[in-house]
Amino acid sequence: MSPTLNTLDDSRLLLSPLLEIDFAGFNCRNPFWVASGPPSSEWEKIKALDEAGVGAIIGKTCCLDASLIHNPASRTAVQMLGKTKIGLINTELISDKDINEWERIMELAVEQLQCLFIPSVMEEPRKDAWQEIAYRFVKRGAKVIKLNLSCGHGMPERGMGGAVGEVPEATFNTCSWVKEAVGDGIVVMAKMTGNGDIASVTRAVLDAHCIPAGINTIRALGGVDPKTGSPRPSNSGNGTRGSLSGPAIHWIACEKVATMAEIIRDEYDGAVPLVGIGGADSWDTCLNFLRYGAIAAEMCTAFMFRDPKELVRELSDGMLAYMVEHNYSRITEFVGASLPHVLGHSEHVKVHEQAKAKRQLV
Ligand SMILES: Cc1cc2nc3c(=O)[nH]c(=O)nc-3n(C[C@H](O)[C@H](O)[C@H](O)COP(=O)(O)O)c2cc1C
């Protein structure tokens with residue numbers, strides 16, 4: 001008999017084997033991952049997320065020379081729809097912590113964390129810089145490395161982030177440089193931008209033998225403060241173009257995840273795992289990513305808005321209840337299950353007309 005929610009006690013719910021996934025050979029206790037950003041910017045927060053039970057944590061993106069990173073003081077503005085928080089505009093850059101501190105965090109993660117810790121790196125468009133930063137983390141025990149090819153504000157002014165990830169050739173080169181430096185035993189995951197044509201950059205990532213994850217934030221400009229007329233977030237009365245995250249971008253992310261999953265299914269034998277990111281904040285929004293073909297769902301804004309323990313508990317409870325109701329005993333039984341139902345528009349209309357005609361015959 002399959003377990004029901006009532007037969008599982010509290011601790012088993014969080015650690016239920018039903019939720020375990022295999023990501024490129026790494027066992028994760030669940031598919032609920034923390035995306036790069038403020039929730040994973042310091043060791044204490046990373047440790048607390050691990051204790052809350054997340055499946056993996058991707059560190060805040062770092063670089064070799066943090067002295068070049070100048071973050072605006074005020075850099076986030078919550079976006080409301082009535083009384084509901086629907087998104088966040090941010091103008092934050094990557095981490096301004098020294099690379100040595102990130103190397104130390106990597107060592108602590110290897111020693112102390114239950115979950116997979118994935119460092120996130122970004123460099124100027126130079127082979128030596130990308131290879132050095134990736135190799136430094138491998139030396140400290142990283143088994144998976146994430147390349148940030150997708151930050152949409154600030155960093156592109158220096159040829160970084162979205163400036164790489166919106167160009168297939170630059171994406172392929174960067175992924176290939178890192179793969180060459182770290183060797184076959186290390187998994188390299190490239191975080192994609194939702195701002196450009198995701199299909200061509202996904203192919204570039206896959207051709208370089210890396211794993212696609214996406215999306216990052218969507219380029220946006222915060223609304224103005226009605227009292228002062230300043231764009232929000234503002235510093236000394238001025239703002240800057242930033243990026244939108246949270247529920248407001250979720251369905252854009254679903255479309256991108258489905259597109260990446262179709263490419264993996266149709267052109268790469270379905271042999272590569274995929275990670276979904278963007279606006280997930282509940283078990284059913286994570287389910288959207290899984291059913292469209294992702295093996296895990298990363299969340300950043302949700303972990304900024306919510307208490308991690310409470311959130312992981314809700315995600316696990318909700319997903320387990322769904323699995324019990326539908327008689328699933330593994331996450332992989334429904335990964336990609338909704339993808340065959342995403343049709344081209346004409347085909348969608350044709351299939352519907354055929355089904356209608358068949359119904360009229362009986
Ligand atoms: C304040 C803030 C800082 C972020 N910093 C990073 C970063 O350093 N590296 C990165 O790859 N993504 C970064 N992101 C993007 C998130 O990891 C994620 O891709 C994006 O916010 C969409 O997911 P979400 O809606 O769950 O937040 C940041 C997002 C926010 C809101």
(Q) Can you see whether N238 engages S236 through a side-chain donor-acceptor pair at a distance of less than 3.5 angstrom? (A) no

Q) Does the pair M189 and F23 meet the rule for a side-chain contact (heavy atoms from CB on, under 4.5 Å), with working shown? A) CA-CA 11 Å; M189 188 166 86; F23 168 74; 3.8 Å; yes

**Q.** CG on L274 to CD1 on I211, rounded to 0.5 Å
**A.** 9.5 Å

(Q) Would H153 and T91 count as a side chain to side chain donor-acceptor pair (under 3.5 Å) here? Give the steps. (A) CA-CA 7 Å; H153 56 261; T91 58; over 6 Å; no

Q) Can you tell me if CZ on F137 sees more than 12 non-hydrogen neighbours from other groups inside 6.0 Å? A) yes

Q. Does the side chain of T193 come under 3.5 Å of the side chain of S150 through a donor N or O and an acceptor N or O?
A. no

Q: Kindly assign one of parallel, tilted or perpendicular to the pair Y328 and H326, based on the angle between their ring planes and the thresholds 30° and 60°.
A: parallel

Q: Scan side-chain atoms only and decide if K191 and S120 contain a donor-acceptor pair under the 3.5 Å cut-off.
A: no

Q) Do you know the tightest heavy-atom contact between P31 and I331? A) CG-CD1, 3.9 Å

(Q) Starting from V167, can I reach I198 by hopping between I/L/V/M/F/W/Y residues whose side chains sit under 4.5 Å apart? (A) no

Q: Check for a donor-acceptor pair, side chain of N90 on one end and backbone N or O of R75 on the other, with a separation under 3.5 Å.
A: no

Q: Please check if atom NZ in K143 has more than 12 non-hydrogen atoms from other residues, nucleotides or ligands closer than 6.0 Å.
A: no

Q. Could you walk me through whether N30 and E20 pass the side-chain contact (heavy atoms from CB on, under 4.5 Å) check?
A. CA-CA 5 Å; N30 60 52; E20 281 178 19; over 6 Å; no

(Q) For H341 and Y292, I'd like to know if the aromatic rings sit close, meaning centre-to-centre distance below 6.0 Å. (A) no

(Q) Less than 4.0 angstrom from a charged side-chain N to a carboxylate O is my criterion; do R29 and D50 meet it? (A) yes

Q: Show your reasoning for whether side chain to side chain donor-acceptor pair (under 3.5 Å) applies to D207 and Y268.
A: CA-CA 9 Å; D207 287 343; Y268 296 81; 2.7 Å; yes

Q) Is the Lys NZ or Arg CZ of K85 less than 6.0 Å from the centre of F305's six-membered ring, within 45° of the axis? A) yes

Q | Ion pair check, R330 and E333, cut-off under 4.0 Å | A | no

Q: Could you please spell out the steps behind the side-chain contact (heavy atoms from CB on, under 4.5 Å) verdict for W33 and M299?
A: CA-CA 6 Å; W33 292 14; M299 287 154 273; over 6 Å; no

(Q) Counting only heavy atoms not in Y135 (residues, nucleotides, ligands), do more than 12 fall under 6.0 Å from its OH? (A) no

Q | ILVMFWY network linking V224 to L244, side-chain heavy atoms under 4.5 angstrom | A | no

Q. Any donor and acceptor pair, going by atom type alone, linking the side chain of S230 with main-chain N or O of G237 inside 3.5 Å?
A. yes

Q | L290 side, atom CG; D284 side, atom CG - distance, nearest 0.5 Å | A | 11.5 Å

Q.
Quick check: closest heavy atoms across M260 and P212, and the distance to 0.1 Å?
A. SD-CB, 4.0 Å

Q. Just by distance, do the side chain of N195 and the backbone of R219 share a donor-acceptor pair under 3.5 Å?
A. yes

Q. Name the one of V188, V272, V178 that satisfies side chain to side chain contact (heavy atoms under 4.5 Å, CB included) with C210?
A. V188

Q) Between N173 and S176, is any side-chain donor less than 3.5 angstrom from a side-chain acceptor? A) no

Q: Inspect the surroundings of CD in E169 and state if more than 12 heavy atoms from other residues, nucleotides or ligands are less than 6.0 Å away.
A: no

Q: Taking all non-hydrogen atoms of both residues into account, name the closest pair between M106 and R140 and its distance.
A: CG-O, 3.6 Å

Q. K45 and P39: which non-hydrogen atoms are nearest, and at how many Å?
A. CB-O, 3.3 Å

Q: State whether the side chain of N148 and the backbone N or O of G161 hold a donor-acceptor pair below 3.5 Å, judged by distance alone.
A: no

Q: Find the distance between CZ (F26) and CD1 (I21) and round it off to the nearest 0.5 Å.
A: 12.0 Å

Q.
Between the side chains of K309 and D307, is the shortest nitrogen-to-carboxylate-oxygen separation below 4.0 Å, so that they form an ion pair?
A. no

Q) Rounded to the nearest 0.5 Å, what separation is found between the CZ atom of F303 and the CG atom of L49? A) 6.0 Å

Q.
So which atom in L315 and which in C286 form the shortest heavy-atom distance, rounded to 0.1 Å?
A. CD2-SG, 4.1 Å

Q | side-chain contact (heavy atoms from CB on, under 4.5 Å) assessment of M122 paired with L147 | A | CA-CA 6 Å; M122 185 198 277; L147 317 184; over 6 Å; no

Q.
Test salt bridge (charged side-chain N to carboxylate O under 4.0 Å, His left out) on E310 and R313; report intermediate values, then the result.
A. CA-CA 5 Å; E310 215 180 81; R313 160 71 50 193; over 6 Å; no

Q. Less than 4.0 Å between a side-chain N and a carboxylate O, is that true for R104 and E107?
A. yes

**Q.** Co-membership, hydrophobic cluster, residues L68 and V121, 4.5 Å side-chain
**A.** no

Q) Distance-only, no hydrogens or angles: does the W43 side chain make a donor-acceptor pair with backbone N or O of W102 under 3.5 Å? A) no

Q: Look up atom CD1 in I118 and atom CD1 in I57, then write down how far apart they are to the nearest 0.5 Å.
A: 10.0 Å

Q: Please test S67 against D65 for side chain to side chain donor-acceptor pair (under 3.5 Å), starting from the C-alpha separation and ending with a verdict.
A: CA-CA 5 Å; S67 70; D65 186 358; 2.6 Å; yes

**Q.** Q131 side-chain N/O to W177 backbone N/O, donor-acceptor pair under 3.5 Å
**A.** yes

(Q) Between E103 and K139 (salt bridge meaning N to carboxylate O under 4.0 Å), is one present in this structure? (A) no

Q. Taking it one step at a time, do K227 and D225 satisfy salt bridge (charged side-chain N to carboxylate O under 4.0 Å, His left out)?
A. CA-CA 5 Å; K227 281 197 198 114; D225 179 334; 5.7 Å; no

Q: Nearest 0.5 Å please: distance from the CD1 atom of I249 over to the CD1 atom of I218.
A: 5.5 Å

Q: Verify the neighbour count for atom CD of E111: are there more than 12 heavy atoms of other residues, nucleotides or ligands below 6.0 Å?
A: yes

(Q) Tell me the closest heavy-atom pair linking E124 and M160, and the distance in Å. (A) N-CE, 3.6 Å

(Q) For residues Y322 and L18: do they belong to one hydrophobic cluster (side chain heavy atoms under 4.5 Å, members Ile, Leu, Val, Met, Phe, Trp, Tyr)? (A) yes

Q.
Please determine whether a side-chain nitrogen of the Lys or Arg among K60 and E42 lies less than 4.0 Å from a carboxylate oxygen of the Asp or Glu.
A. no

(Q) Before you tell me yes or no, could you show the steps for S245 and T217 under side chain to side chain donor-acceptor pair (under 3.5 Å), namely the whole-Å CA-CA distance, both residues' side-chain angles and the distance that decides it to 0.1 Å? (A) CA-CA 5 Å; S245 63; T217 42; over 6 Å; no

Q: Measure from the side-chain N and O atoms of Q79 to the backbone N and O of A77, and report whether any donor-acceptor pair falls under 3.5 Å.
A: yes

Q.
Using side-chain heavy atoms (C-beta onward) and a distance below 4.5 Å, is S282 in contact with T285?
A. yes

(Q) If you count every heavy atom of other residues, nucleotides or ligands that lies below 6.0 Å from D184 atom CG, does the total exceed 12? (A) no

(Q) When you group the ILVMFWY residues by side-chain heavy-atom contacts below 4.5 Å and let the links chain together, are F172 and V164 in the same group? (A) no

